[in-house]
Amino acid sequence: MIDRKILRENPEVVIESCKRRGDDIDVMEMVALDKKERELKTKVEELRGERNRLSKECRTNPEAREQVKELKITLGALEHELNDVEASLTEKMGWLPNLIGDDVPDGSDEDSNEELRKVGEIPKFDFKVRDHQELGELLDIIDTKRGAKVAQSGFYYWKGKGAQLCNALFFWVQMELCKRNFTSFITPCAAKEKTLYGTGYLPFFADQTYSLENEDLALIGTSEQTLVGYHADEVLPKEQLPYCYTAFSPCFRTEAGSYGKESRGIFRVHQFHKVEQIVFCAPEDSPKMHQMCLENEEYLLQQLGIPYRVVNVCIGDMGAPGFKKFDIEAWFSAYNGYREVTSNTNLTEFQSRRLNVRYKSKDNERGYVHTISATAVTDRVAIAIIENNQQEDGTIIIPEVLRPFTGFDKIEPVK
RNA sequence: GGAGAGGUGGCUGAGCGGCUGAAAGCACAGGUUUGCUAAACCUGCGUACAGGCAACUGUACCGGGGGUUCGAAUCCCCCCCUCUCCGCCA
């Protein structure tokens with residue numbers, strides 16, 4: 001949610017941001033509604049004041065009773081009008097995307113993303129590499145067929161040493177984040193509409209959510225929803241910020257409209273698993289915290305020995321709630337290229353305004369916190385390990401850092 | 001799933017349809033006293049929005065929505081949530 005004051009005082013800023021995003025939004029209509037709302041509010045408050053005054057008179061002056069009755073007719077009509085205007089404006093405000101950081105590249109899709117750096121050495125193979133789907137079957141560690149049988153196409157099993165690899169990865173990552181002062185969470189895997197709206201997933205990604213029938217609940221698309229929602233309607237002491245949170249959770253996405261896209265393997269699925277980084281911080285610190293999360297992501301991939309590149313995501317690829325976003329794309333050997341594994345967004349006060357998460361300092365400075373939402377790792381990182389660390393016979397070498405948690409150093413084909 | 005209790009300010013907890021934005025206590029902030037600490041005493045202390053340089057004024061808010069009334073935290077209706085007990089259960 002954008003600050004109404006910006007809409008009111010600098011509508012050109014909002015118009016420019018919508019234009020850069022390629023969104024066709026009638027900002028001036030909203031400005032007019034805002035003005036109308038304020039006028040109505042002033043009138044309504046005046047009349048209510050009058051009503052309250054007269055009501056107090058009623059005990060001594062019976063005539064006042066008739067005056068109030070009359071006044072209430074006018075007041076009622078105005079209140080109705082005000083309600084309509086408010087509802088309409090709130091709805092439109094909910095659809096308004098965030099402002100955009102200055103150094104966000106223009107562009108409508110990922111082709112316009114700006115590569116910031118490449119890190120790590122691309123592995124060379126002198127044999128024909130297998131993709132993770134093929135390796136998954138060969139090693140009996142990924143089972144998409146049974147996933148489809150039991151649930152639906154787009155669901156899958158991690159099995160055996162594959163599951164152990166994932167468990168090790170997710171556990172290790174959470175420990176690393178805890179060492180960096182993140183607080184560990186296990187969160188609800190469902191959230192109510194208010195929470196999804198507050199984090200910006202609604203209304204923008206409504207077709208991506210799995211709603212539960214007859215409940216005001218949906219399966220979470222990411223623990224960002226439950227972690228940011230954690231502090232809804234709270235005032236955080238500024239001196240104690242930043243709050244850095246991490247959680248491991250499944251993430252559910254309908255992927256409506258993307259059937260047939262990247263459908264091989266488990267790269268794009270209905271349920272994946274993620275360790276998340278969430279930061280609540282003072283507004284002036286959010287660029288720094290955004291970088292901090294990025295450093296964490298890079299550190300993890302470096303430790304795992306996965307080559308990657310960091311990308312400054314362009315406007316068209318960013319999503320309405322985002323102010324600025326970095327993606328990391330890991331090298332996938334079978335794909336012979338980089339593919340997105342993490343996404344790190346500075347949401348500024350977009351979410352905190354919707355969810356009403358404020359801060360207050362000792363000397364009474366108040367405002368809305370900024371939130372950072374960043375992936376630490378997902379299943380995709382496990383896939384990268386599998387594809388990049390494969391041997392000619394299909395054996396997967398486990399990264400050193402994970403071995404204490406897997407208890408083995410390689411995954412071999414089933415006999 | 002069955003039965004009951006309850007939702008009031010940061011917390012505990014009063015509240016007759018108007019004098020209640022809301023008693024009291026705790027917590028918190030400032031001050032006095034005291035060798036320090038503690039204690040005691042005094043004072044202050046909700047949020048949002050609008051107006052004003054400001055002291056301040058107005059409006060709204062006692063789970064949410066509707067209703068009755070000149071006037072609702074207080075009466076009526078609906079919904080939501082929380083807690084306790086029983087049953088079932090990872």
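Naming: A, B, ... by sequence-line order, numbering from 1 per chain. Reckoned from all heavy atoms, side chains included, excluding hydrogens, waters and symmetry mates.
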More than 12 heavy atoms from other groups under 6.0 Å of CD on E239(A)
yes

Starting at the 5' end of RNA chain B, what dot-bracket string do you get if Watson-Crick and G-U pairs under 3.5 Å are bracketed, crossing pairs use [ ], other-strand pairs use | and unpaired bases use dots?
((((((((.[[[..)..(.....]]].(((((.......))))).((((((....)))))).[[[[[..)....]]]]])))))))....

Can you list the residues that meet the salt bridge (charged side-chain N to carboxylate O under 4.0 Å, His left out) rule with D317(A), with sequence neighbours excluded?
none

So, is R38(A) near the phosphate of C49(B), with a side-chain N or O under 4.0 Å from OP1 or OP2?
no

Across nucleotides 52-82 of chain B, 5' to 3', mark each nucleotide with B, S or - according to how protein heavy atoms within less than 4.0 Å reach it.
------BSS---------BS-----------

Could you work out the separation of [N] and [M] based on their [atom1] atoms and round it to a whole Å?
N: A29(B); M: G18(B); atom1: C1'; result: 34 Å
N: C70(B); M: A54(B); atom1: P; result: 40 Å
N: U37(B); M: G46(B); atom1: P; result: 28 Å
N: A60(B); M: A22(B); atom1: C1'; result: 15 Å
N: A73(B); M: G63(B); atom1: P; result: 10 Å
N: C45(B); M: C11(B); atom1: C1'; result: 15 Å
N: C89(B); M: G2(B); atom1: C1'; result: 16 Å
N: C16(B); M: A72(B); atom1: C1'; result: 13 Å

Ring geometry between F205(A) and Y201(A) (parallel below 30°, tilted from 30 to 60°, perpendicular above 60°)
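Geometry flag for F205(A) against Y201(A): tilted rings.
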
Selection residues 273-295 of chain A - residue pairs positive for ring pair (Phe, Tyr, Trp, His ring centres under 6.0 Å), sequence neighbours left out:
H231(A)-F280(A), Y245(A)-F280(A), H290(A)-F326(A)

Any sub-3.5 Å donor-acceptor pair from Q277(A)'s side-chain atoms to T375(A)'s backbone N or O?
yes

N/O donor-acceptor pair under 3.5 Å between N10(A) side chain and V13(A) backbone:
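No: the side chain of N10(A) does not pair with the backbone of V13(A).
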
Let me know the distance between CG of N356(A) and C1' of A48(B), rounded to the nearest Å.
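Rounded to whole Å, this separation is 10 Å.
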
Return the value, rounded to whole Å, for the distance between atom CZ of R353(A) and atom P of A48(B).
12 Å

Worked verdict on E224(A) versus L347(A) for side chain to side chain contact (heavy atoms under 4.5 Å, CB included):
CA-CA 12 Å; E224(A) 169 190 357; L347(A) 295 130; 3.9 Å; yes

Using atom types as modelled, flag every donor-acceptor pair under 3.5 Å from a side chain in residues 168-186 of chain A to any protein atom, sequence neighbours excluded.
| residue | atom | partner | partner atom | Å |
| --- | --- | --- | --- | --- |
| W172(A) | NE1 | E176(A) | OE2 | 3.3 |
| Q174(A) | NE2 | F170(A) | O | 3.0 |
| E176(A) | OE1 | R180(A) | NH1 | 3.3 |
| E176(A) | OE2 | K179(A) | NZ | 3.0 |
| R180(A) | NE | N296(A) | OD1 | 3.2 |
| R180(A) | NH1 | E176(A) | O | 3.4 |

Considering heavy-atom distances to RNA chain B, does R8(A) or K360(A) have its closest nucleotide positioned more toward the 5' end?
K360(A)

Tell me the side chain to side chain donor-acceptor pair (under 3.5 Å) pairs involving residues 14-29 of chain A, sequence neighbours left out?
R20(A)-D106(A)

Please work out if R4(A) contacts a base, only the sugar-phosphate, or nothing of the nucleic acid, heavy-atom cut-off 4.0 Å.
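No contact at all - R4(A) keeps every heavy atom at 4.0 Å or more from the nucleic acid.
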
